[in-house]
Amino acid sequence: MPNKRAALTEALKQRILILDGAMGTMIQQYKLEEHDYRGERFKDWHVLVKGNNDLLSITKPEVIEQIHRQFLEAGADIIETNTFNATTISMEDYDMASVSREINLVSAQLARKLCDEFTTRNPDKLRYVAGVLGPTSKTCSISPDVNDPGYRNITFDQLVDAYIESTLALIEGGVDLILIETIFDTLNAKAASFAVEEAFERAGVTLPVMISGTITDASGRTLSGQTTEAFYNSIRHIKPLSIGLNCALGPDLLRQYVVELSRVCETFTSVHPNAGLPNEFGEYDLEAPEMAKEIIDWGKEGLINIVGGCCGTTPEHIKAFADGLAQVAPRRLPELEVRMRLAGLEACNLN
């Protein structure tokens, strides 16, 4: 593992690495029904499970394998595990918290199998498995009740416990790094990062960590109210492999925040935007060539180290990114002056 970590860091210095695209978008193309999600094992489950995409790693592993394979063939260097909602907290929506650990383990093993296959084919191009920890279906710093601003439906410790279980299973399944992604609440990210460190200690390993936040709308802030720089200041002490942005916006609207992140970030940057904004049918219309043009411009401007796609992106998008960025140099890490960098909703940098 240490050699592979060194190889990953060295690769990031040499070229822009390609992350995969949208698992959910690809699953939708299979038009699976309730019985597909249930499989034989869960055929008598007491609640509806259609939409529980992470469960498909157990009930329809061939579908998840096919999706991973398509993204690898498109040129992805990093494959995300099918575990975006696999924490016990999110699995409670289906009364499946007890299956959470297994989903994380099996999902990691599926991705590991495919990445090893492609690395064996071409040992000069290592493929990496990113164990995904999603934001969960709850938020630690915002009340879900507009009439009670002080109310919380989750605690920091509950988040930590859930993230520890998922992380340990992902490690056991053979992931190369941990990706804390689509963070709209920085306190959730802090719980996840704390849990990851605890899991590393329990497992006796240390893996690279990627953190990716979400700017939710044109306000330029996360859902919990932070600007891009404030979000960065809040998590920089974790010293992750990369800090990035994903989801919510298309590349055109996300661009200014990518520029800002590139300016303030002392480590590698990652970006995986949506294929535009959803239309009235909830579908994403930004085609691969058009989206790739924006992404390639980011690369040429020296803004990115890792790039992939979020909602609406397919292997066609990823291939267009990989082909267009093949000869583009990665972003160089800036040398920033030493300052005290604090954050509330805004960044506060003191000399």
Side-chain angles (χ1 to χ4, degrees), residues 18-45 47-87 90-91 93-96 98-122 125-134 166 169-177 179 181 272 275 283-284 288 308-319 322:
I18 305 299
L19 191 66
D20 61 6
M23 175 63 73
T25 296
M26 295 299 292
I27 288 173
Q28 288 175 4
Q29 295 181 7
Y30 286 82
K31 302 187 184 303
L32 302 176
E33 298 298 338
E34 181 70 23
H35 67 273
D36 296 305
Y37 281 85
R38 288 174 176 264
E40 183 64 24
R41 177 174 166 183
F42 300 100
K43 65 179 182 179
D44 297 322
W45 199 253
V47 299
L48 297 176
V49 297
K50 183 180 178 181
N52 186 355
N53 289 343
D54 305 62
L55 182 62
L56 296 172
S57 293
I58 295 175
T59 57
K60 280 284 185 183
E62 66 276 12
V63 169
I64 305 305
E65 284 193 23
Q66 288 170 12
I67 293 170
H68 285 328
R69 185 177 298 278
Q70 289 179 66
F71 282 124
L72 286 163
E73 289 173 344
D77 297 287
I78 304 171
I79 291 294
E80 300 171 73
T81 56
N82 181 38
T83 54
F84 185 78
N85 287 305
T87 56
S90 293
M91 281 293 142
D93 294 344
Y94 302 94
D95 283 349
M96 283 188 163
S98 61
V99 192
S100 170
R101 182 188 180 282
E102 182 182 357
I103 292 174
N104 282 280
L105 176 62
V106 171
S107 296
Q109 290 171 335
L110 286 174
R112 175 81 277 148
K113 172 187 171 184
L114 269 295
C115 283
D116 287 349
E117 176 188 324
F118 275 76
T119 296
T120 300
R121 287 191 202 174
N122 181 8
K125 182 179 172 67
L126 298 181
R127 310 298 181 111
Y128 301 91
V129 179
V132 169
L133 299 175
S166 291
L170 291 169
I171 292 171
E172 184 180 342
V175 302
D176 299 304
L177 56 139
L179 170 56
E181 72 157 323
H272 49 298
E283 299 172 342
Y284 296 84
C310 206
C311 302
T313 57
T314 65
E316 288 72 26
H317 291 82
I318 300 308
K319 186 177 189 307

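Only this structure's heavy atoms are used, side chains among them; waters, hydrogens and symmetry mates stay out.
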Peer 1: Mind checking what makes salt bridge (charged side-chain N to carboxylate O under 4.0 Å, His left out) contact with E34, not counting sequence neighbours?
Peer 2: R38
Peer 1: Can you sort out the partners of C310 under side-chain contact (heavy atoms from CB on, under 4.5 Å), two or more places apart, ordered by chain and number?
Peer 2: N246, C247, H272, N274
Peer 1: Go through the structure and list residues passing side-chain contact (heavy atoms from CB on, under 4.5 Å) with N122, not counting sequence neighbours.
Peer 2: D124, K125
Peer 1: Apply side-chain contact (heavy atoms from CB on, under 4.5 Å) to A130 and list each qualifying residue two or more places apart in sequence or on a separate chain.
Peer 2: I78, L177, L179
Peer 1: Show your working on side-chain contact (heavy atoms from CB on, under 4.5 Å) between M96 and F42 and close with a plain yes or no.
Peer 2: CA-CA 10 Å; M96 283 188 163; F42 300 100; 3.7 Å; yes
Peer 1: Got a sec, which residues hit ring-ring contact (aromatic ring centres under 6.0 Å, His included) with F84, two or more places apart in sequence or on another chain?
Peer 2: none
Peer 1: With sequence neighbours left out, what residues match D95 under side-chain hydrogen bond (donor to acceptor under 3.5 Å, both in side chains)?
Peer 2: H46
Peer 1: Using a distance-only test with no angle check, is there a side-chain donor-acceptor pair under 3.5 angstrom linking S107 and T81?
Peer 2: no
Peer 1: Is the shortest distance from a Lys or Arg side-chain nitrogen in R127 or E73 to a carboxylate oxygen in the other one below 4.0 Å?
Peer 2: no
Peer 1: Please enumerate all residues that pass side-chain contact (heavy atoms from CB on, under 4.5 Å) together with K319, with sequence neighbours excluded.
Peer 2: A74, D323
Peer 1: Does the side-chain contact (heavy atoms from CB on, under 4.5 Å) test come out yes or no for N85 and N53, once each step is laid out?
Peer 2: CA-CA 8 Å; N85 287 305; N53 289 343; over 6 Å; no
Peer 1: Any Lys/Arg nitrogen of E117 or K113 sitting under 4.0 Å from an Asp/Glu carboxylate oxygen of the other?
Peer 2: no
Peer 1: How far apart are the closest heavy atoms of N82 and I64, and which atoms are they?
Peer 2: ND2-CD1, 3.5 Å
Peer 1: Among residues at least two apart in sequence or on other chains, which ones pass salt bridge (charged side-chain N to carboxylate O under 4.0 Å, His left out) with E316?
Peer 2: none
Peer 1: Taking only residues two or more places apart in sequence, or in another chain, which ones meet T313 in a side-chain hydrogen bond (donor to acceptor under 3.5 Å, both in side chains)?
Peer 2: none
Peer 1: By side-chain hydrogen bond (donor to acceptor under 3.5 Å, both in side chains), which residues pair with Q29, not counting sequence neighbours?
Peer 2: none
Peer 1: Would you please name every residue forming a salt bridge (charged side-chain N to carboxylate O under 4.0 Å, His left out) with K43, sequence neighbours left out?
Peer 2: E40
Peer 1: Who are the side-chain hydrogen bond (donor to acceptor under 3.5 Å, both in side chains) partners of D116, not counting sequence neighbours?
Peer 2: R112
